[in-house]
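Accompanying notes for the structure given below.
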Amino acid sequence: MMNPNRLFSPEPQLTKLARELYDSVAALPLVCPHGHIDPRLFSDPRATFGSPVDLFIIPDHYVIRMLYSQGIALESLGVPRVDGGSTETDHRSIWRLFCENFCLFRGTPTGIWIQHALSEEFGIQEKPTLANADQLYNAISQKLATPEYTPRALFNRFHIEVLCTTDAATDTLEAHQALQALGWGGRIRPTFRPDAVINLDTPDWRQQIEQLSEVSGVNVIDYSSFLQALEQRRAFFKKMGAVAADHAALTPFTRELPRTDAEAIFQRALKGQFNPEDAVRFTAHMLIEMARMSIEDGLVMQLHPGSLRNHNALIHKRFGADRGSDIPMQTEYTRSLLPLLHKYGNDPRLTLVLFTLDESTYSRELAPLAGHYPAVKLGPPWWFHDSLNGMARYFDQVMETAGLYNTVGFNDDTRAFCSIPARHDVWRRSSANWVAGLVARHIIDLEDARQMMADLAVNLAKRAYHL
Amino acid sequence: MMNPNRLFSPEPQLTKLARELYDSVAALPLVCPHGHIDPRLFSDPRATFGSPVDLFIIPDHYVIRMLYSQGIALESLGVPRVDGGSTETDHRSIWRLFCENFCLFRGTPTGIWIQHALSEEFGIQEKPTLANADQLYNAISQKLATPEYTPRALFNRFHIEVLCTTDAATDTLEAHQALQALGWGGRIRPTFRPDAVINLDTPDWRQQIEQLSEVSGVNVIDYSSFLQALEQRRAFFKKMGAVAADHAALTPFTRELPRTDAEAIFQRALKGQFNPEDAVRFTAHMLIEMARMSIEDGLVMQLHPGSLRNHNALIHKRFGADRGSDIPMQTEYTRSLLPLLHKYGNDPRLTLVLFTLDESTYSRELAPLAGHYPAVKLGPPWWFHDSLNGMARYFDQVMETAGLYNTVGFNDDTRAFCSIPARHDVWRRSSANWVAGLVARHIIDLEDARQMMADLAVNLAKRAYHL
Amino acid sequence: MMNPNRLFSPEPQLTKLARELYDSVAALPLVCPHGHIDPRLFSDPRATFGSPVDLFIIPDHYVIRMLYSQGIALESLGVPRVDGGSTETDHRSIWRLFCENFCLFRGTPTGIWIQHALSEEFGIQEKPTLANADQLYNAISQKLATPEYTPRALFNRFHIEVLCTTDAATDTLEAHQALQALGWGGRIRPTFRPDAVINLDTPDWRQQIEQLSEVSGVNVIDYSSFLQALEQRRAFFKKMGAVAADHAALTPFTRELPRTDAEAIFQRALKGQFNPEDAVRFTAHMLIEMARMSIEDGLVMQLHPGSLRNHNALIHKRFGADRGSDIPMQTEYTRSLLPLLHKYGNDPRLTLVLFTLDESTYSRELAPLAGHYPAVKLGPPWWFHDSLNGMARYFDQVMETAGLYNTVGFNDDTRAFCSIPARHDVWRRSSANWVAGLVARHIIDLEDARQMMADLAVNLAKRAYHL
């Protein structure tokens, strides 16, 4: 069994307080308003998790990037090549390679999540090593073959109240339709992510637009019909249960274009004649349009800027996106968001949830923005910062200025289904550390502390995302 | 009664050490070399603090920004509109709204300050809630009506040794003249803040220049007479007890202009024909001129860059400046200050006190600059960072490189008179935490620790500001 | 005697764990793969450390910058002037000035290092004061005059396994040749540092090129012969025991030039006609060439960007380089290194060790880069950040994302020989604090913890530098 006091501040009084606070929320359901789980896992009754390698290694870019950084080829981990080139297919030997190198994850969130999943989901208390690799592989495989380990069974066992997926604007949401038919519609919801049609530099942008025309029934031939098609998709997503839209952009730069400029850029893009500056300006403009639509239809607007995607061109070419080679950049919010906030920041109908990979913006820009504008809220520590220390820095640098109630609780943002309970557990334990510290320093009383814990664990997320 | 160990590190040995160190300075007077209290509160014998709302809410942009961020209109908080539009006038109902939402301040410095003031100044130990709002309002109102709660009485009770105000270059300092006549001249001192005449983009800059001519007796018609007028004002402020000048600028950029360029820009500005780049260059130049004047007249030069003022144009238009919508920006000191430091950084007659809202500059730029240049000292954590965690980050990131003796102790920088004791108390407790940590790790001995505490509480500020 | 638990986290359980972990590595030898000790100290049998002032003050820019920041002239500290102007020669009085001002180092790493050296190397337990200055001076002087205090004796006593120096590309490595003859070749090794020939804006660049021609035997008349000469020098350094190259640059900007552009810039430089942009582009290009050579010859490539050297022109003019007036700047790695990493980042033969003075890049850029690219590793906290808090921030912000095994352990990077044991001791104690925290939070077990300690103390450095 994992130590029940794991991750708590080790000072005995703090451990005791944190434990008590953690226990007060440990049994609450998981609310997951933002993530990347494939809905077909649940809509398709025949879906399984595959082998231990399919479950824990191949889809988890946190795992494969660390192994790759130490010279282990992605081919030898079974990561499929874009060109169909040969990769390792013996999952047992991939698992051995992983276990042999599990020491690389010492002190990392991935190490914590995997040990949590092994222990709490598969009853395995040992840390993976070359010596026990086969035994672990067998134990996991056997469990995965039982009815208690189907995706739907684990969804229930994990006590997930609601799980939002992330879906392209052009997605027909068939899996979600099937889930609605099954009565799971309220439990698994889509999220509207229009990056591929909004960012003109998407490699296959014109195909995306054709697809948008097709699924929306609006013939996209100009900027006006483009907006109409987007509005149609948002309405459809909302009907299918969506509560939010999600936007990635290289930077949070916003600036409204005169209508004629937006139209001119859009026409150039349709002809494949736009330049990089057009793409920057169009995205900057469309973020403001998206805020307007969010005000109109009530979908929460999430913005995740600052990741330079596919920094490693070799990996991108050979294995595609989301393979661990996205690298963060400096990000500027104060001036970049000014035009959007000037127009809509005072509108209480807008909820703009900001995320960052640049922690220097926590205390400098994000907390002051969230602590002033009615429309701005802060998302939880994102990606690399979704970790024990990352959360401690977030509580430290954000909360005094933004105030807890201008944040939106936790989301796991994960592609690794089995890591969901572990990630929420780390959040709840980190939250308990923070709140216990406030009690121990006599800044708040226990009554406030308990309320804050419930807010951090569940209420803030439900409130922000209208769940 | 508030817990006497509040805000201390909760590890028992550290608590004990911090408490002992804190106790050694707790009775020392408050030295306040930088702030924004209105001197008329003390010069006018009839001045009062008004209602609990006048005291705690309306003038405190920390309070109103947090309430506004959660959708509470500033009108409903009684904040006066620029256009004279109607706002809530029932202070008792404003107070109720505040108490009902006091939970928003959980874990924030504002929460700490207000609870300190209620407890230590008004004897109220309860945390504000909707249920006790009326009772608290009555208790505070009754006290405020007594002679023990006049501004002068509280000034004495707070044990303030000296309080510096912040005053426009064009201010005639009538309140300070009255205070001198009362024998309070050494206790309340003006500070010379010439931003409005130096920054050409001040909205009413030409009127400011006219006013400068009038109060200085120097007809400002060109750059030379502008400098003369400034020197006249500095001499007048110094005569009135000023020990420092204070400069805000969007960035710390400095660059000396050839005299003819400075003159040309000034002439364009007089004609209303300057461009934004002129304004940037003129401020950059004038900061170097201000350093020269500081060397000549001995006024400490304070520089507070990095705040994008009035980010929320709607709030600025409706309610004016200082309503909680100033948002920090990335700030660069190393290259920006190079010209000023090249010219005057080695001059021991200059004390240039630097502040920042960009904490990433603490360890990267500010501590190395202060740890080398004789003229450079670091101000305490500023504004959003004037908090328990902000101070911990400051001690952590600044002290090893800058050295304690290149910092200037604390200043409260506040517009909220009743928060002064609380703010100094947080500083002294934070200082005790830092120093106790050094003792507990055997880095310094108790003798050094006690000296450092006295320096942090009082001596550094008095020495830096020649008080 | 210094307290055996110094620098450990003061919570009793953490102290005990950290102590146990520290003790497990305290006796391991010192591995010093990067530093600035003069090899002649060891090659010349007559070399001595001189006076206490020669040992502790004059060569230590950490010491003199702090004293200078408080208005103490470098002349009065005996720092030699470039122009041969007069400086204080009475070392006893310099020592007194230092002891009188030792309070300036309270809480600084310099304070810790000096007290460690006094205690552990000279048996002096008192903290320096004006009162004991003479007594300390005598005690140190007497010891320095004995055979136990020659450089070679201390090298042995310090238990240094290997010490790498830093040497110009044009250096003939005579001291290293003498050391090889003495059988010390494996213990003291050169490092190839070609900045002066690669950065075109080196003040005497053309003389440097002439010298390069001379020592390499390659007549450098164009870009091709320049590369040949560099390759000759690298081969020579390698033969003399070098394991690494070291590169300083203002920024980590890299970009490959077409061969004809590189040639054209080089020709302009030979004629003294290059412009600043040429210098930037040439360095950016040469860093990629250096990576290629590192792949070919196996020398580890170290990159230290971000220091604006000689910020204080007065100090530079009067006293030369490395006098404490280098100030860090914002540094950008993600885009800057893209071209180099695009070309060589996936090559397992390259080890690119990155350092930074901009801690905001730890979690944002450096840890993600090191946690993905096989070629990238992170150096330890550098310069201003080589301190107890600096290391804590490094462990906090780097390790979760990069993983311990993408870092290279410690190096002392020092010019102050007597500070070497102290610096490694601080690293080992800080490491013990970090690892103990992971154990106490039940993130790793004691078996992993002990292995990590040995890796942090010695193994990572030996592995990364092939020692």
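Scope of the values below: all heavy atoms of this structure, side chains included, with no hydrogens, waters or symmetry mates. Residue numbering restarts at 1 for every chain, and letters A, B, ... go by the order of the sequence lines.
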From Y405(A) atom OH to T108(B) atom OG1, the distance as rounded to the nearest 0.5 Å: 11.5 Å
Which portion of S387(B) sits near chain A, non-hydrogen atoms under 4.5 angstrom: both
Side-chain heavy-atom pair Y373(A), S69(B) within 4.5 angstrom cut-off: no
Side-chain touch P328(B)/T334(A), heavy atoms, less than 4.5 angstrom: no
D448(A) CG to F105(B) CZ distance, which is reported to the nearest 0.5 Å: 13.0 Å
Most chain B-contacting option - heavy-atom pairs closer than 4.5 Å, from H342(A), K377(A), R335(A): R335(A)
H61(B) portion near chain A, given a 4.5 angstrom heavy-atom threshold: neither
Approximate separation, where rounding is to 0.5 Å, of T401(A) OG1 and H385(B) NE2: 7.0 Å
Chain B contact via L369(A) - side chain, backbone, both or neither, heavy atoms under 4.5 Å: both
Among the listed options Q330(A), R364(A), R441(A), the residue most often paired with chain B at heavy-atom distances under 4.5 Å: R364(A)
Heavy atoms from other residues, nucleotides or ligands near CD of Q125(B) exceed 12 (cutoff 6.0 Å): yes
Neighbours of chain A found in residues 307-315 of chain B - heavy atoms under 4.5 Å: L308(B), H311(B), N312(B), A313(B), L314(B), I315(B)
Toward chain A, the part of F8(B) with a non-hydrogen atom under 4.5 Å: backbone
Atom pair CG/OG of D358(B) and S363(A) - distance to nearest 0.5 Å: 7.5 Å
Check: L388(B) and E400(A) side chains under 4.5 Å, non-hydrogen atoms: yes
Region of A449(A) in contact with chain B, defined by heavy-atom distances below 4.5 Å: neither
Largest heavy-atom contact set with chain B, pairs under 4.5 Å, which of T361(A), V435(A), D445(A): D445(A)
Part of L104(B) lying under 4.5 Å from any heavy atom of chain A: both
Flag side-chain contact, heavy atom, 4.5 Å: F395(A) against N389(B): no
Heavy-atom neighbours of R255(A) CZ exceed 12 at 6.0 Å: no
Which of G390(B), P12(B), G71(B), S325(B) touches chain A most, by non-hydrogen pairs under 4.5 Å: S325(B)
Chain A contact via R393(B) - side chain, backbone, both or neither, heavy atoms under 4.5 Å: side chain
Heavy-atom side-chain proximity of R106(B) to I443(A) below 4.5 angstrom: no
Pairwise distance NE2(H442(A)) to CG(N5(B)) - rounded to 0.5 angstrom: 6.0 Å
Under 4.5 Å from a heavy atom of chain B, the part of L338(A) involved: both
Toward chain B, the part of A375(A) with a non-hydrogen atom under 4.5 Å: neither
Pairs of heavy atoms under 4.5 Å with chain B: top-ranked of M399(A), Q397(A), E332(A): Q397(A)
M66(B) and N406(A), any side-chain heavy atoms less than 4.5 Å apart: yes
Under 4.5 Å from any heavy atom of chain B - which part of E365(A): both
Segment of D347(A) engaging chain B (4.5 angstrom heavy-atom cut-off): neither
Point-to-point distance, once rounded to the nearest 0.5 Å, from CZ of R65(B) to NE2 of H372(A): 9.5 Å
Which portion of T331(A) sits near chain B, non-hydrogen atoms under 4.5 angstrom: backbone
